[in-house]
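Letters A, B, ... are given to chains in the order of the sequence lines, protein chains preceding strands, and every chain is numbered from 1.
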Protein chains: 2
Amino acid sequence: MENKTAVITLSALAQESRLTIYRTLVQAGPDGMAAGKISETTGIPPSSLSFHLKEMSYAGIVNSRQESRYIYYSANFKVMNELLAFLTENCCAGVPCGVETPCCEENA
Amino acid sequence: MENKTAVITLSALAQESRLTIYRTLVQAGPDGMAAGKISETTGIPPSSLSFHLKEMSYAGIVNSRQESRYIYYSANFKVMNELLAFLTENCCAGVPCGVETPCCEENA
DNA sequence: TCCATATTTCAAATATTATTGAAATATGGA
DNA sequence: TCCATATTTCAATAATATTTGAAATATGGA
């Protein structure tokens, strides 16, 4: 991951509405949640929500799929893992240390 | 960590100059780097650098200490670990998975 | 096709953030 | 104290992001 890519990914999370949306989708799990339901759950008006989901899609932290009249959005764990790896890269200058941050390889 | 705190932490990283500064400090290691040297290394003018370091300090992702006429800034690994934990919280709805993201507990 | 509903786009206003030269402040050595 | 240098603050500008109602578009069922 490059610096610019990481900034785009981080920016997609560094905003209250979007972080709320992201965490709602993490909770919702791999099947995701329809846009209308996200709006209802978070209290974010549809047009604002759509704006933010577009940003998040562009950054790659969410995926979407259409199902009948609904569009389901879900968290993209693969991109999140890449971001975490980038942020901890060269951490401790290579010295091994104890912390382990498990994340969802299965849903990646 | 709360949603608002996480947004502040993420915002402190979600900007090209600041991510560059942060990664420079991660490379520099626990002893950190003097402000002037950071400016020189990254090409960010002193006044801009000062502005960004202030943001980063407020968010807690960097620490600083004065040494003679120099102020040394260093990455705060503890806060970064807390952020990573927050981002991966409830990941996979509790299902254990294989990815491990080691980070610097020793420098926390 | 027609309708109800789900979602997105548009547009305009508002709010927030970033940039940087110049001035101010702080520090320690001579 | 005086000077050289390190860093921050100020202030004005520029750039970017956020918000949301209304309108447009898309979808599938009747």
For this session: Provide, to the nearest angstrom, the distance between the OH atom belonging to A/Y58 and the P atom belonging to D/dT16.
Result: 13 Å
Problem set entry | Pairing residues for B/R69 by the salt bridge (Lys or Arg N to Asp or Glu O under 4.0 Å) criterion, not counting sequence neighbours | none
For this session: Nearest 0.5 Å please: distance from the CG atom of A/L84 over to the CE atom of A/M1.
Result: 9.0 Å
Problem set entry | Distance (rounded to the nearest 0.5 Å) between A/Q27 CD and A/T41 OG1 | 9.5 Å
For this session: Any chance you could measure B/I44, atom CD1, to B/E16, atom CD, to the nearest 0.5 Å?
Result: 10.0 Å
Exercise. Tell me: CZ of B/F51 to P of D/dT13, nearest whole Å?
Worked result: 17 Å
Exercise. Rounding to a whole Å, what distance do you find between A/Q15:CD and D/dT16:C1'?
Worked result: 13 Å
Exercise. NA contact type, A/Y73, heavy-atom cut-off 4.0 Å: base, sugar-phosphate, or nothing?
Worked result: sugar-phosphate
For this session: Establish, yes or no, whether the cationic atom of A/R65 lies under 6.0 Å from the six-membered ring centre of A/Y73 and within 45° of the ring axis.
Result: no
For this session: Would you sketch DNA chain C in dot-bracket for me? Only Watson-Crick or G-U wobble pairs with both distances under 3.5 Å count, crossing pairs as [ ], other-strand pairs as |, the rest as dots.
Result: ||||||||||||||||||||||||||||||
Exercise. With sugar-phosphate meaning primed atoms plus P, OP1 and OP2, does A/S68 contact a base, only sugar-phosphate, or nothing at under 4.0 Å between heavy atoms?
Worked result: sugar-phosphate
For this session: Could you say whether A/S11 or A/S47 is positioned toward the 5' end of DNA chain D, judged by the nucleotide with the nearest heavy atom to each?
Result: A/S11
Exercise. So what does A/S39 hit on the nucleic acid, given a heavy-atom distance under 4.0 Å: a base, only sugar-phosphate, or nothing?
Worked result: nothing
Problem set entry | Common cluster, A/L10/B/F86, ILVMFWY with side-chain heavy-atom separation under 4.5 Å | yes
Exercise. What's the NZ-C1' distance between A/K54 and D/dT19, to the nearest Å?
Worked result: 15 Å
Exercise. When all nucleic acid strands are considered with a 4.0 Å heavy-atom cut-off, which category describes B/P46: base, sugar-phosphate, or nothing?
Worked result: base
Problem set entry | Between D/dG21 (C1') and A/I44 (CD1): distance, integer Å | 17 Å
Exercise. What integer distance in Å separates A/L13:CG from D/dT18:P?
Worked result: 12 Å
Exercise. Is it the case that one hydrophobic cluster holds both B/I8 and A/Y22, taking links as side-chain heavy atoms less than 4.5 Å apart, direct or via other members?
Worked result: no
Exercise. First and last nucleotide of DNA chain C in contact with chain B, 5' to 3', at under 4.0 Å to a heavy atom: what are they?
Worked result: C/dA18 to C/dG28
Exercise. Do side-chain atoms of B/Q15 reach the backbone of B/S17 as a donor and acceptor pair under 3.5 angstrom?
Worked result: yes
Problem set entry | Nearest heavy atoms of B/A75 and B/N63, plus distance in Å | O-OD1, 4.4 Å
Problem set entry | Along DNA chain D (nearest heavy atom to each residue), the more 5'-positioned of A/R18 and B/K37 | B/K37
